[in-house]
Amino acid sequence: MNTEQPRYIKPAKATNAFNNLVQRLTKMGVSVLGSRVLRVRGRKTGEIREVPVNLLPFEGRQYLVAPRGETQWVRNLRAAGQGELRVGKRVAGFTYRELTDDEKPVLLRAYLKRWKFEVGVFFDGVDAKAPEAKLREIAPGYPVFEVLPA
């Protein structure tokens, strides 16, 4: 039996302030390097929850990566099975496919290439130049979802 807790890094106050700014800008229609506001129904309350996320385009598909691990939005998305991504007034409903750990290294590398300046602190020194084996080693701690049209 695995008694290890899932990886989760709670946001610091500075992170919350930055996220609030990105969320406000994104809601106004200003996507900050691909930002979207993820809207998903809360698994406990049933209320709609919103959080800014980085939507990663990769090889003609789109992905959401959770750099802080098993966050509330990850848990809510898994429970709801669907969500919405918003920029300004544009809202797109989606479902998803969660990637296996073996599929994640190439996406983690692409994510780090694009947003290391913002999320690198959550990767404990691992960057886009890390060997494939290292990315595979850390993959279980980073949920990755392929965004599919609703």
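Hydrophobic clustering (ILVMFWY, side-chain heavy atoms < 4.5 Å, transitive): V147 and W73 are in one cluster. By the criterion of side-chain heavy atoms lying less than 4.5 angstrom apart, applied directly or through intervening Ile, Leu, Val, Met, Phe, Trp or Tyr residues, V126 is grouped together with I9 in one hydrophobic cluster. Under a hydrophobic clustering in which Ile, Leu, Val, Met, Phe, Trp and Tyr are joined whenever their side-chain heavy atoms come within less than 4.5 Å, directly or via other members, F94 and L99 fall into different clusters. Cluster annotation: L148 is not connected to L107 through the hydrophobic network of ILVMFWY side chains, with a link wherever side-chain heavy atoms come within less than 4.5 Å. Hydrophobic clustering, with ILVMFWY side chains joined whenever heavy atoms are under 4.5 angstrom apart, keeps V37 apart from V30.
Contact detail for P6 and E70: the closest heavy-atom pair is CB-CG, 3.1 Å. Of all heavy-atom pairs between V22 and S35, the closest is CG1-CB, 3.8 Å. A130 and L135 get closest at one heavy-atom pair: O-CD1, 4.0 Å. When all heavy atoms are compared, the tightest approach of G83 to L77 is N-CD1, 4.2 Å. Between S31 and R36, the shortest heavy-atom contact is OG-NH1, 3.4 Å.
The shortest distance between side-chain heavy atoms of P131 and E137 does not fall below 4.5 Å. Proximity of V144 to L64: side-chain heavy atoms (C-beta onward) are nowhere separated by under 4.5 Å. In this structure the side chain of E103 never reaches within 4.5 angstrom of the side chain of E146, judged on heavy atoms. Between E118 and N54, the closest side-chain pair of non-hydrogen atoms falls below 4.5 Å. F122 is listed as a side-chain neighbour of R7, based on a closest heavy-atom distance under 4.5 Å. Within the 4.5 Å cutoff, the side chain of R41 has heavy atoms near those of the I48 side chain. You'll find the side chain of R68 reaches within 4.5 Å of the side chain of Y8, heavy atoms only.
With values rounded to the nearest 0.5 angstrom, T95 atom OG1 is found 8.0 Å from Q82 atom CD. One finds the NZ atom of K129 at 10.0 Å from the NZ atom of K113 (value rounded to the nearest 0.5 Å). Atom CG of L108 is separated from atom CG of D127 by 12.0 Å, given to the nearest 0.5 angstrom. Atom CZ in R78 sits 4.0 Å away from atom CD in E98 (nearest 0.5 Å). Between W115 atom CH2 and L33 atom CG the span is 7.5 Å, to the nearest 0.5 Å. Rounding to the nearest 0.5 Å gives a distance of 11.0 Å between CG of L85 and OG1 of T26.
Aromatic ring centroids of Y142 and F123 lie under 6.0 Å apart.
At least one donor-acceptor pair closer than 3.5 Å links the side chain of R109 to the backbone N or O of A128. The main-chain N or O of V40 is never found under 3.5 Å from a side-chain atom of R49 such that the two would form a donor-acceptor pair. Judged by distance alone, with hydrogens and angles left aside, the side-chain atoms of R136 form no donor-acceptor pair with the main-chain N or O of P105 at under 3.5 Å. A distance-only check finds a donor-acceptor pair linking the side chain of R86 to the backbone of G88 [under 3.5 Å].
For R61, the CZ atom counts as loosely surrounded, since its 6.0 Å shell holds 12 or fewer non-hydrogen atoms of other residues, nucleotides or ligands.
Annotation: side chain to side chain contact (heavy atoms under 4.5 Å, CB included) contacts of N19 (sequence neighbours excluded): T15, P52.
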